[in-house]
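In each ligand, atom 1 is the first atom listed, and ligand 1 is the first ligand listed. Model, not experiment: these values are computed from the prediction.
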Amino acid sequence: MNKERCLLVISGPSGAGKDTVVKKMLEKHPEIEMSVSATTRAPREKEVNGVDYYFLPKEEFERRLAQGDVLEHVQYCDNYYGTLKSEIEQRMEKGVTTVLIIEVYGAANIKKIYPESTLIFVMPPNEEELARRLRSRGTESEEVIQQRLHRAKEELGRVGDYDFAVTNVDADVCAQEVYEILCSRQGR
Ligand code: 5GP
């Protein structure tokens, strides 16, 4: 198998439930690993440094960028987010399937660097449900929710860049669907 096929990139608008879908897939298939991104955004309650993200001050993030440690990065809602090469390259060498949960521009960049990677877009059932999920998290201010809803519409327009799209009505069903796509791409 081409080593690039170890990479599974998941995107979807904030509130589509992509983190839950991936979490469910990983619970059932612990051989799959997650790439932990770096970000300058503040941790949310319950988020752990090194598990959910590497939470870095802006200067540190910019230093890593200048050093060439970052595979791809974007500025999203006023913060930096980026994939560290150290999260990807060794795993790929070893043939470990690795999931990246990143936004649309980052996903397109990964596809450019690794054309054989698999890109899956997780869609919310509809716009109302997306807004409801974002608000029910209770972790963001209304201003940030509005920013994220605006960005969500932009992201939904990029679904055509993906190899596959799945709709997250039920996270367990969606996780199974993602896993089956992965298996077929990897010839399993
Ligand atoms: P959140 O603040 O909700 O955790 O993430 C905001 C957005 O940034 C989400 O769409 C998430 O998938 C994306 N994101 C997280 N890490 C990365 C990364 O390393 N690169 C890119 N391009 N996007 C990321």
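Side-chain contact annotation: Y54 with E87, donor-acceptor N/O pair under 3.5 Å present. One side chain, Q176 or E180, offers a donor N or O that lies under 3.5 Å from an acceptor on the other.
Residue Y53 has at least one nitrogen or oxygen atom sitting less than 3.5 Å from a nitrogen or oxygen atom of ligand 1, judged on distance alone. Residue G82 has at least one N or O atom closer than 3.5 Å to an N or O atom of ligand 1. Inclusion of Y76 in the set of residues having an N or O under 3.5 Å from an N or O of ligand 1 is not warranted. Considering backbone and side-chain N/O atoms, R137 never comes within less than 3.5 Å of an N/O atom of ligand 1. In terms of polar-atom proximity, defined here as any N/O pair under 3.5 Å, S14 makes no such contact with ligand 1.
Between K3 and the options E89, E93, E116, a salt bridge (charged side-chain N to carboxylate O under 4.0 Å, His left out) holds for only E93.
Of all atoms in ligand 1, numbered sequentially from 1 with element shown, those under 4.0 Å from a heavy atom of R41 are 1 (P), 2 (O), 4 (O). Counting the atoms of ligand 1 from 1 in the order shown, those under 4.0 Å from a heavy atom of G106 are 22 (N). Taking a cut-off of under 4.0 Å to the non-hydrogen atoms of K18, the atoms of ligand 1 that pass are 10 (O), 12 (O).
Comment: D163 engages K111 in a salt bridge, judged by a side-chain N to carboxylate O separation of less than 4.0 angstrom. R151 and E155 are joined by a salt bridge, as a carboxylate oxygen and a charged side-chain nitrogen come within less than 4.0 angstrom of each other. The existence of a salt bridge linking E154 and R158 is excluded, since no basic side-chain nitrogen approaches an acidic carboxylate oxygen closer than 4.0 Å. Comment: E72 does not engage K112 in a salt bridge, judged by the lack of any side-chain N to carboxylate O separation of less than 4.0 angstrom. Between E59 and R63 there is no salt bridge, since no side-chain nitrogen of the basic residue lies less than 4.0 Å from a carboxylate oxygen of the acidic one.
Counting only non-hydrogen atoms, the option in I102, T139, D52 that gets closest to atom 18 (C) of ligand 1 is I102.
What sits closest to atom 20 (N) of ligand 1 on the protein, heavy atoms only, is E72 OE2, 2.7 Å. With respect to atom 3 (O) of ligand 1, the closest heavy atom belonging to the protein is R148 NH1, 2.8 Å. For atom 12 (O) of ligand 1, the closest non-hydrogen atom on the protein side is I101 O, 3.2 Å. For atom 19 (O) of ligand 1, the nearest non-hydrogen atom of the protein is S37 OG, 2.7 Å. With hydrogens left out, the protein atom closest to atom 23 (N) of ligand 1 is E103 N, 3.2 Å, a heavy atom.
Residue contact check for ligand 1: Y105 places no non-hydrogen atom closer than 4.0 Å to it. Residue-ligand proximity: H73 is placed with every non-hydrogen atom at 4.0 Å or more from ligand 1.
Pairs passing the ring pair (Phe, Tyr, Trp, His ring centres under 6.0 Å) check and including a residue from residues 22-44, sequence neighbours excluded, read H29-Y179.
Residue-level proximity to ligand 1 for E47 is absent, since no heavy atom of it falls below 4.0 angstrom.
Looking at residues two or more places apart in sequence or on another chain, you find no ring pair (Phe, Tyr, Trp, His ring centres under 6.0 Å) involving Y105.
One distance of note links CZ of R41 with SG of C77; it measures 10.5 Å at 0.5 Å rounding.
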